[in-house]
Amino acid sequence: MPIVKRYTRNPVLTNRQVPYPVATIHNAGVTKFKNKYIMLFRSHLLNGRSIIGLAESKDGYDFKVSAEPFLTPAVDGIFKIYEEYGVEDPRITFIENEYLITYSAYSRFGVRTGLAKTIDFKSVQRLSIITEADYRNTVIFPEKFNGLYARLDRPHSEICPWSIWISYSPDLKYWGESKLIMKPLEYHWDEMKIGPGAPPIKTGRGWLNIYHGVFQTMGGSVYRLGVALHDLTDPSVIIGVGDNWILQPEEAYELTGYVHNVVFSCGAVPEDDGTVKIYWGGADTVMCVGTAQIDDLVDLCIHNSRRAL
Ligand code: BMA
């Protein structure tokens with residue numbers, strides 16, 4: 001029995017269900033809002049640059065895409081400069097009665113993390129660009145620690161394999177106390193680079209971090225998902241990192257597409273029955289979902305772990 005059970009009717013969304021012209025629908029942040037599942041997904045436009053669309057669902061499986069995109073590159077101000085090449089890979093965190101949305105902002109100056117917020121998923125307000133270049137995969141914890149917001153992200157480095165860092169902020173604008181907390185493991189499925197995936201999920205035994213890891217082969221890179229567990233009161237402390245991946249490209253819609261051999265998650269929704277719905281982009285082309293028992297994922301981090309650094 002696989003640890004993540006794929007929904008039998010995957011993919012749950014393809015570009016054919018998007019009512020405006022796009023090549024793909026993938027890498028979506030998902031959350032619950034007013035008894036509905038809200039999905040903010042990335043789409044490649046036909047010029048290869050990305051925008052963010054919105055879909056909603058009553059059950060987390062059957063989604064309907066809104067007529068208009070949710071977030072497209074800004075047309076004025078500082079955001080215009082840094083979003084020129086597109087907005088990608090949104091993550092959603094509910095904290096203090098608002099939904100924070102982090103996304104990758106691409107421009108001729110590199111990739112930075114944009115931060116926006118919404119309270120109703122109708123209007124959206126950009127707050128700040130919270131990293132320099134080159135950072136991707138920023139996720140914000142749904143709780144504060146000692147009065148500070150906390151985030152995980154993945155800066156690019158030429159010296160160190162691309163790793164997961166933590167930073168803190170009193171106001172979502174100024175971030176600091178940055179620290180590398182988890183590295184790829186050499187000669188392992190995530191040896192090339194890792195990055196945060198879904199915003200961390202609180203469990204009785206720690207914060208569950210569903211991350212992605214990349215392995216380079218003669219046939220190109222393979223993107224898989226893994227899990228790590230962070231201490232509940234000090235999330236810079238990693239209790240354990242699962243030694244095995246929890247999901248790898250296996251189905252046709254994950255093996256071939258816009259980018260072959262990719263499962264990439266930006267969102268997971270914990271349910272009251274102890275399961276979690278994990279959402280992932282298949283081959284950077286379609287959206288997929290599967291379920292896992294949260295306890296199984298936590299057990300993997302604790303009982304079958306590898307070192308974090
Ligand atoms: C990463 C990002 C992701 C993408 C993945 C596979 O570098 O661009 O958005 O899903 O590559 O192409």
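When a ligand or atom number is given, it counts from 1 through the structure's own listing order. All values below were derived from every heavy atom in this structure, side-chain atoms included, with hydrogens, water molecules and symmetry-related copies excluded.
Between Tyr168 and Trp175, the ring center distance fails the sub-6.0 Å criterion.
The N/O atoms of Asp284, backbone and side chain alike, include one that comes under 3.5 Å of an N/O atom in ligand 1. Between Asn27 and ligand 1, at least one pair of N/O atoms sits closer than 3.5 Å. At under 3.5 Å, a nitrogen or oxygen of Arg42, whether backbone or side chain, sits near a nitrogen or oxygen of ligand 1.
With no hydrogens or angles considered, a side-chain donor-acceptor pair links Arg136 and Tyr106 at under 3.5 Å. Judged purely by distance below 3.5 Å, without hydrogens or angles, the side chains of Tyr149 and Glu96 pair a donor atom with an acceptor atom.
Classification of the Tyr223-Phe264 ring pair by plane angle, with boundaries at 30° and 60°, yields tilted. Classification of the Phe33-Tyr99 ring pair by plane angle, with boundaries at 30° and 60°, yields perpendicular. Ring orientation note: the planes of Trp162 and His156 are close to parallel, at an angle under 30° on the 30°/60° scale.
Ligand 1 is approached by Arg136 to a heavy-atom distance shorter than 4.0 Å. The closest approach between any non-hydrogen atom of His260 and ligand 1 is not below 4.0 Å.
Neither the backbone nor the side chain of His212 has a heavy atom within less than 4.0 Å of ligand 1.
In terms of protein heavy-atom proximity, atom 7 (O) of ligand 1 is closest to Tyr223 OH, 3.3 Å.
More than 12 heavy atoms of other shown residues, nucleotides or ligands fall within 6.0 angstrom of atom CZ in Phe94.
Taking every non-hydrogen atom of Val259 and a distance limit under 4.0 Å, the qualifying atoms of ligand 1 come out as 12 (O). Residue Lys193 has at least one heavy-atom neighbour below 4.0 Å for each of these atoms of ligand 1: 7 (O). Close approach of ligand 1 to Asp89 is summarised as follows: ligand atoms under 4.0 Å from at least one heavy atom of the residue are 3 (C), 9 (O).
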